[in-house]
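What follows is a set of notes on a single structure, which appears directly below.
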Protein chains: 2
Amino acid sequence: MAQKLTLKKIAQDLGVSISTVSKALRDSHEISVETRSKIQEYAKKFNFKPNNIALSLKNQKTKKIGIIIPEIVHHFFATVIAGAERVANENGYQVIICLSGESFDKEVVNMDMLANGSIDGFIMSLSKETMEKQDFHHVREVMNQGMPVVMFDRVSDDINCDKVIIDDAGAASSAAEFLMRKGCKKLGLITTVDYITVGRLRTQGFKEALMKRGMDIVPGRILKIGDVEDAGLQIAAYIKEQDMDGIVAVNELFAVTASKAIQKIGKSIPKDVAVIAFTDGMLSKYASPTLTTIGQNGEEMGGLAAQKLIEKLESDSSNEESYETVIVKTSLVERESTP
Amino acid sequence: MAQKLTLKKIAQDLGVSISTVSKALRDSHEISVETRSKIQEYAKKFNFKPNNIALSLKNQKTKKIGIIIPEIVHHFFATVIAGAERVANENGYQVIICLSGESFDKEVVNMDMLANGSIDGFIMSLSKETMEKQDFHHVREVMNQGMPVVMFDRVSDDINCDKVIIDDAGAASSAAEFLMRKGCKKLGLITTVDYITVGRLRTQGFKEALMKRGMDIVPGRILKIGDVEDAGLQIAAYIKEQDMDGIVAVNELFAVTASKAIQKIGKSIPKDVAVIAFTDGMLSKYASPTLTTIGQNGEEMGGLAAQKLIEKLESDSSNEESYETVIVKTSLVERESTP
DNA sequence: ACTATTTGCGAAAACGTTTTCGTGCATGTT
DNA sequence: AACATGCACGAAAACGTTTTCGCAAATAGT
């Protein structure tokens, strides 16, 4: 277990001072060529790598970015992380991941832990509890300390920072419009309760599309799911009770659950009922029938978020406070569940 | 942008020395009660939190663990991370995630970056390329520096360290046995090429189960997939050509792809062909029909890996070099794809 | 009243870097 | 011979902590 090599040890072994070693390794002209190569060879031979912690302390930057998300076992978030990690790595950064598990308290604790020097900036998507409580003191606090924050997907208008989102309302509207163009007259929507921003916006977009076509908005055809646990039962009942020929679902799970319920009552997809889902993940690709989806391009969102964060980090911190909201285009992927 | 509070600033503001502040905040009896409470109140008021980097440097430990995995957009790995993150957090640790993207070089680079002081220990699953090359110098190197490593899932016998794996051969054997008990006579296997340890072991277990029952092993019924890209075509051809009444697949994707191919040629599941898959993820739960699976309990594996790593980290590092391999039980989840 | 003991606090080292500022010595210039 | 210049290197500060040690003053013990 060869102890970790430090400048100090090299200096001792070679009979020079620490500063000389440091300078030699950075190829400073202050050091004679012989001394320099002697030190460099020694360092190479014993595979010296400067200690990151010491560098962080000295430079007051860690080259790490913190990502706080509600869940990782969720295809969309996983793709976001993948994108963020890629861009971070390309720029010499590493990512530290913390999961809030949709809990406000855990989100706060995690942020506090990371904010004390562990990272240079945050990428985050708010937990359900946080959105419900509308309590954002923790993110305000880290921003006050001069730590940049980029939010994605689950964002809040109450916080002034860079954001990366998709045009939820617009995408939901296009989805409904797409179904109507295919001939659907009785559209349904399976969405979340309103305090989840994305659910609310998608509901709003859905309604707008119907209104634009002058169609009635039938309240019963809009199902808002609060407790995901018994989504299955709620959706089954909803499918049985409502007479619809097209359904928009705000996520894959709702869509595939609905799809199964539809087939169970003897209707066929897409002939009797067309289905379109948000989030282009594994389920949509492999469900039966495969689902037409609105892809959220998570990889791209993650990449953009990292990009923006790193830009903020590397610009003169003395710069003006200007925040931007990037809207990532969604992509409609047509599969078997629509005509 | 209130500058980050430090001991030094508190000391200046209160007209005492840095050491006094430090001691007061740790409730040392060396400091008088008045001074202590004065300092503590001040610290609380301005929300002082000690700088993690400085602590890391001082204590020579970061309270962070590095996780290196091939992919994150993969349900199994996501569950492992979730489990590791949970246990890590419970013990005051944080996780840093690096993705190798199945590339040897990226695995090496990432390990090198993390090994220079950023973390206290590693949890990792080897990339495909690494397993193919059989080059493990990078993990040996960090181990030589006294940094503990715990491997999971994709491990190597050539490396001596703690490991967390499932009993792949045993699980594959039970899967085959399960199908035979249900009356299947002509079993097929969809697996990976042999240099992926888990694929090899599952293949081996599958064969053992057949031999134990005295059944012939028909080479054509064992499909080894190397390039995942055209797995679809290979599986479709295989299903068409071979006459089988039961199939074991080493992952969900292969299983659901096979399942679709089977239904496409007009056979019914599970009546004509029974299907059983490894990895109990989203696909199995929502495919049509839903799949009987062998759950790998990724959450548990991640948790155990973190547990073992933290134990190693917190024991006297002077302890004996004893390594353990934990075998996590698999769980058979019966669904519609088997009789 | 003189010595022990306790009390309350500060100085300084250490962790591993980088960087600024000397400093001693050889060389070059008058 | 006197002085400026350049070269090659070392000392020390700084980043923010914790901790050991030392020291002065106050208290206690005879």
My understanding is that only residues two or more places apart in sequence, or in another chain, count here; which of them pass salt bridge (charged side-chain N to carboxylate O under 4.0 Å, His left out) with A/D27?
A/R36
Who passes ring-ring contact (aromatic ring centres under 6.0 Å, His included) against A/F77, sequence neighbours left out?
A/H74
Pick base, sugar-phosphate or nothing for B/K23, based on heavy-atom distances below 4.0 Å to the nucleic acid.
base
For B/Y93, the ring-ring contact (aromatic ring centres under 6.0 Å, His included) test, sequence neighbours excluded, returns none
By salt bridge (charged side-chain N to carboxylate O under 4.0 Å, His left out), B/D153 pairs with (sequence neighbours left out) none
Going by the rule side-chain hydrogen bond (donor to acceptor under 3.5 Å, both in side chains), which residues pair with B/Q60 if we only count those two or more places apart in sequence or in a different chain?
none
Using the ring-ring contact (aromatic ring centres under 6.0 Å, His included) criterion, which residues pair with B/F48? Sequence neighbours excluded.
none
Residue pair A/T6/B/T20 against DNA chain C: nearer the 5' end by closest nucleotide is B/T20
With heavy atoms under 4.0 Å as the rule, sort B/S19 into base, sugar-phosphate or nothing.
base
Residue pairs fulfilling ring-ring contact (aromatic ring centres under 6.0 Å, His included) with at least one residue in residues 106-156 of chain B, sequence neighbours excluded:
B/F104-B/H138
Please list residues of residues 25-34 of chain B whose heavy atoms come under 4.0 Å from any atom in DNA chain C, ordered by number; otherwise none.
B/E30, B/I31, B/S32
Outermost nucleotides of DNA chain C that come under 4.0 Å of a non-hydrogen atom of chain B
C/dG8 to C/dG16
Under 3.5 Å, is there a donor-acceptor pair between the A/S118 and B/K64 side chains?
yes
Any donor and acceptor pair, going by atom type alone, linking the side chain of A/N51 with main-chain N or O of B/G117 inside 3.5 Å?
no
Could you pull out all residues at least two apart from A/F46 that satisfy ring-ring contact (aromatic ring centres under 6.0 Å, His included)?
A/Y42
Will you find, in the side chains of A/T130 and A/E107, an N or O donor that is under 3.5 Å from an N or O acceptor?
yes
By a strict heavy-atom criterion of less than 4.0 Å, which residues belonging to residues 51-64 of chain B are in contact with DNA chain C?
B/L57, B/K58, B/Q60
Axis bend over the full length of the helix from C/dA1-D/dT30 to C/dT30-D/dA1, computed from five pairs that close each end, to 10 degrees
70°
Which residue in the set B/K308, B/K63, B/K61 passes salt bridge (Lys or Arg N to Asp or Glu O under 4.0 Å) when paired with B/E314?
B/K63
Side-chain donor-acceptor pair present, B/S22, B/S19, cut-off under 3.5 Å
no
